[in-house]
Student: 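Pasting a structure here, questions to come.
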Amino acid sequence: MNYVKLLLPVIVAVVIFILPTPDGLSFNAWLYFAIFMGVVVGLILEPVPPALVGLIGVGICIWFRIGPAGSGAVDANVKPAAAISWGLAGFSDATIWLIFAAFMIGLGYQKSGLGRRIALILLRALGKTTLGLGYAIAIADGILAPFIPSNSARSGGTLYPIVSSIPPMLGSLPDKEPRKVGGYLVWVSLAATCVTSSMFFTGLAPNLLAMTTAEKSGVEVISWMGWFMAFLPCGIILFLATPFLAYIFYPPTSKGSAEAAQWARDELEKLGKTTLKEWLMLGLAVFALVLWIFGGSFINATAVALTVMIAMVLLGIVTWQDIIGNKAAWNVLAWFGSLVTLAGGLKNVGFLEFVGKLCEANLQGVDPSTAMIILVVLFYLLHYFFASTTAHVTALLALFITIAASVNPDPAYVREVTLYLMLSLGVMGILTPYGTGPSPVWFGSGYVSGKDFWKLGFIFGMIYLVATLVICIPWVKYVAHAWL
């Protein structure tokens, strides 16, 4: 265990706590903020698993009885029962269980073999050229994205084993001609999953956490369809452009790859005919997507996901042992459940109200439209300092929502700014080799050097940021607001 990393979050929390409490904040609110920042540093450094970091933070707050509504008052007297009820509230949140169930649906894709078959079919159809391979990888990710909210499972777990098998067949290895085809395919794979992570509400787990955080900050919930429509034109343009842009900025030296298409054909022959489990999984996936899009008026999205999870067990796609043995899903449940609680506590103790008043004083007179762009750009670029989109959401989203409200308290304005902040969560993952879950997987493949990774991350990061601002803002304002 790295004891320096273990001590740093504690040191940060203690240093913040011993600083003079700012005027306008109570002792309890300042203590809560110190603990919260210690948790954020812990999430960034990860001296222990992130889920444990969150649980430690919640546990400390329960002991001090800070976090529940009203606990930031000078004369607060929170009962132990109220403290534990607050601490466990995040685990009853419907969105947290949607994330959990969606992870299980991703397991169904893996166990049934449907995810692998989809990717191989696309490689067989489009894999005769290197550019075609790039589009095949992007399309495979796009098909899986609405159903697998973990881009680590989708990109790093499902697609990486397939994509990494292709370059060696063409004589492209990390230490021998990596630019022949391997570097291009690796970069397209990561860039494409960043785009699809923003396209779909269920394409990135922190999207769901962000929505819960926004709701707890008083922002009206945005539907699955509203999210999709808000990013639609930008998403289509970036999705179609990404393989081509990679072809321009990081061109492969080999333009043809008939061997890859043949390899996919051979692998499909080994798989044989589509199995009953795959057909059943496909039916459940379509069932879930249709209800997520059109069923919001009569059925909750979490209920749909849990129904599909149960159906997968009853139909034999996965076993109950698979469910209870899915460590990633249970880890996310513990992780996000604690983070939702901690993020809500910032508002409960009055810290966000305090920040809002400060920002209101400093941003007074700034045009709301200009402030909106400044907030989105700043929120986006601050991702350079985060090794987890989850940590980014936990540390900054509620704070930026508060700042937006201080600029213009109109709920419609705050909701619009919040939407742009959330839509940027997926695409910002392209910035660094640690920016999103699958980034270390693709970076670790060795096909793209560290220098090139940072350079490409900046180029694509700026393209994605500009596209989000230039396309999404007018689109939402004049067209897509009808779906929100």
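What's counted below: heavy atoms across the whole structure, side chains too, no hydrogens, waters or symmetry copies.
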Student: Does the S217 side chain pair with the main chain of A398, one donor and one acceptor, at a distance under 3.5 Å?
Tutor: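 It does not hold such a pair.
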Student: Is the side chain of T319 donor-acceptor paired with the backbone N or O of D322 at a distance under 3.5 Å, no angle test?
Tutor: yes
Student: Are F201 and F228 near enough that their ring centres are under 6.0 Å apart?
Tutor: no
Student: Does any non-hydrogen side-chain atom of T193 lie less than 4.5 Å from one of P438?
Tutor: yes
Student: Tell me if a side-chain donor or acceptor on Y135 pairs with a main-chain N or O of L240 at a distance below 3.5 Å.
Tutor: yes
Student: Do the rings of H392 and H383 sit parallel, tilted or perpendicular, given the 30° and 60° boundaries?
Tutor: tilted
Student: Run W187 and F460 through ring-ring contact (aromatic ring centres under 6.0 Å, His included) and show every step you take.
Tutor: CA-CA 10 Å; W187 188 255; F460 277 72; 5.6 Å; yes
Student: So, the side chain of Y184 versus the backbone of P243: is there a donor-acceptor pair under 3.5 Å, distance only?
Tutor: yes
Student: Show the nearest heavy-atom pair for residues R124 and A264, with the distance to one decimal.
Tutor: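 In this case the closest contact between R124 and A264 is N-CB, 3.7 Å.
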Student: So how far is it from T302 OG1 to W97 CH2, rounded to the nearest 0.5 Å?
Tutor: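 If we round to the nearest 0.5 Å, T302:OG1 and W97:CH2 are 10.5 Å apart.
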Student: Please check if the side chain of S172 supplies one atom and the backbone of E177 the other of a donor-acceptor pair under 3.5 Å.
Tutor: yes
Student: May I ask you to test the F200-N207 pair for a side-chain heavy-atom distance under 4.5 Å?
Tutor: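 No. Closest side-chain heavy atoms not under 4.5 Å.
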Student: For A210 versus L425, what's the shortest heavy-atom pair and its separation?
Tutor: CB-CD1, 3.7 Å
Student: State, with a plain yes or no, whether a side-chain heavy atom of L185 is found less than 4.5 Å away from one of I137.
Tutor: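 Yes; the side chains approach each other to less than 4.5 Å.
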Student: Under the side-chain contact (heavy atoms from CB on, under 4.5 Å) criterion, do M211 and E215 qualify, and how do the steps go?
Tutor: CA-CA 6 Å; M211 188 68 75; E215 184 181 9; 5.7 Å; no
Student: Search all heavy atoms of L423 against all heavy atoms of C472 and return the closest pair with its distance.
Tutor: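 Here L423 and C472 meet closest at CD1-SG, 4.3 Å.
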Student: Can you tell me how far apart CG (L342) and OG1 (T213) are? Round to the nearest 0.5 Å.
Tutor: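 If we round to the nearest 0.5 Å, L342:CG and T213:OG1 are 10.5 Å apart.
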Student: Do we see a donor-acceptor contact under 3.5 Å between the side chains of T202 and W224?
Tutor: yes
Student: Verify the neighbour count for atom CH2 of W279: are there more than 12 heavy atoms of other residues, nucleotides or ligands below 6.0 Å?
Tutor: no
Student: Roughly how far, to the nearest 0.5 Å, is CE of M312 from CG of L280?
Tutor: 11.5 Å
Student: One pair to check against side-chain contact (heavy atoms from CB on, under 4.5 Å): V53 and V48. What are the steps and the verdict?
Tutor: CA-CA 7 Å; V53 174; V48 296; 3.6 Å; yes
Student: Measuring from I105:CD1 to L306:CG, what's the distance to the nearest 0.5 Å?
Tutor: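 That separation rounds to 8.5 Å.
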Student: Would I222 and R415 count as a side-chain contact (heavy atoms from CB on, under 4.5 Å) here? Give the steps.
Tutor: CA-CA 9 Å; I222 296 163; R415 189 169 186 246; 3.6 Å; yes
Student: Would the distance check show the side chain of S338 and the main-chain N or O of W335 forming a donor-acceptor pair, the cut-off being under 3.5 Å?
Tutor: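 Checked: pair present.
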Student: What is the minimum heavy-atom distance between P252 and T130, and which atoms define it?
Tutor: CG-CG2, 3.5 Å
Student: Checking side-chain contact (heavy atoms from CB on, under 4.5 Å) for the pair Y160/S445: CA distance, chi angles, key distance, verdict?
Tutor: CA-CA 9 Å; Y160 178 78; S445 70; 3.8 Å; yes
Student: Do M462 and L381 have side chains that approach each other closer than 4.5 Å (heavy atoms only, starting at C-beta)?
Tutor: yes
Student: With heavy-atom distances below 4.5 Å as the criterion, would you say the side chains of C234 and W475 are in contact?
Tutor: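 No, side chains not in contact.
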Student: Examine distances only and state if a side-chain atom of S254 and a backbone atom of V181 form a donor-acceptor pair shorter than 3.5 Å.
Tutor: no
Student: Do M422 and W227 come within less than 4.5 Å of each other through their side chains, counting heavy atoms only?
Tutor: yes
Student: How long is the straight-line distance from CG of L397 back to OG1 of T402, given to the nearest 0.5 Å?
Tutor: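 It comes to 9.0 Å.
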Student: How far apart are the closest heavy atoms of K477 and Y420, and which atoms are they?
Tutor: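 The pair with the smallest heavy-atom distance is N-OH, 4.4 Å.
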Student: Would you kindly say whether Y464 and T242 are connected by a side-chain donor-acceptor distance under 3.5 Å?
Tutor: yes
Student: Indicate yes or no: at least one non-hydrogen side-chain atom of I403 is less than 4.5 angstrom from one of L399.
Tutor: yes
Student: Taking all non-hydrogen atoms of both residues into account, name the closest pair between S424 and Y380 and its distance.
Tutor: CB-CD1, 3.9 Å
Student: Between the side chains of R154 and S197, is a donor N or O closer than 3.5 angstrom to an acceptor N or O?
Tutor: yes
Student: Can you see whether Y247 has K255 sitting over its ring - NZ or CZ less than 6.0 Å from the centre and within 45° of the normal?
Tutor: yes
Student: I'd like to check F231 versus I471 (side-chain heavy atoms, cut-off strictly below 4.5 Å). Are they in contact?
Tutor: no
Student: How many angstroms lie between CG in L268 and CD1 in I121, if you round to the nearest 0.5 Å?
Tutor: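 L268 CG to I121 CD1: 6.0 Å, rounded to 0.5 Å.
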Student: Do we see a donor-acceptor contact under 3.5 Å between the side chains of T196 and D141?
Tutor: yes
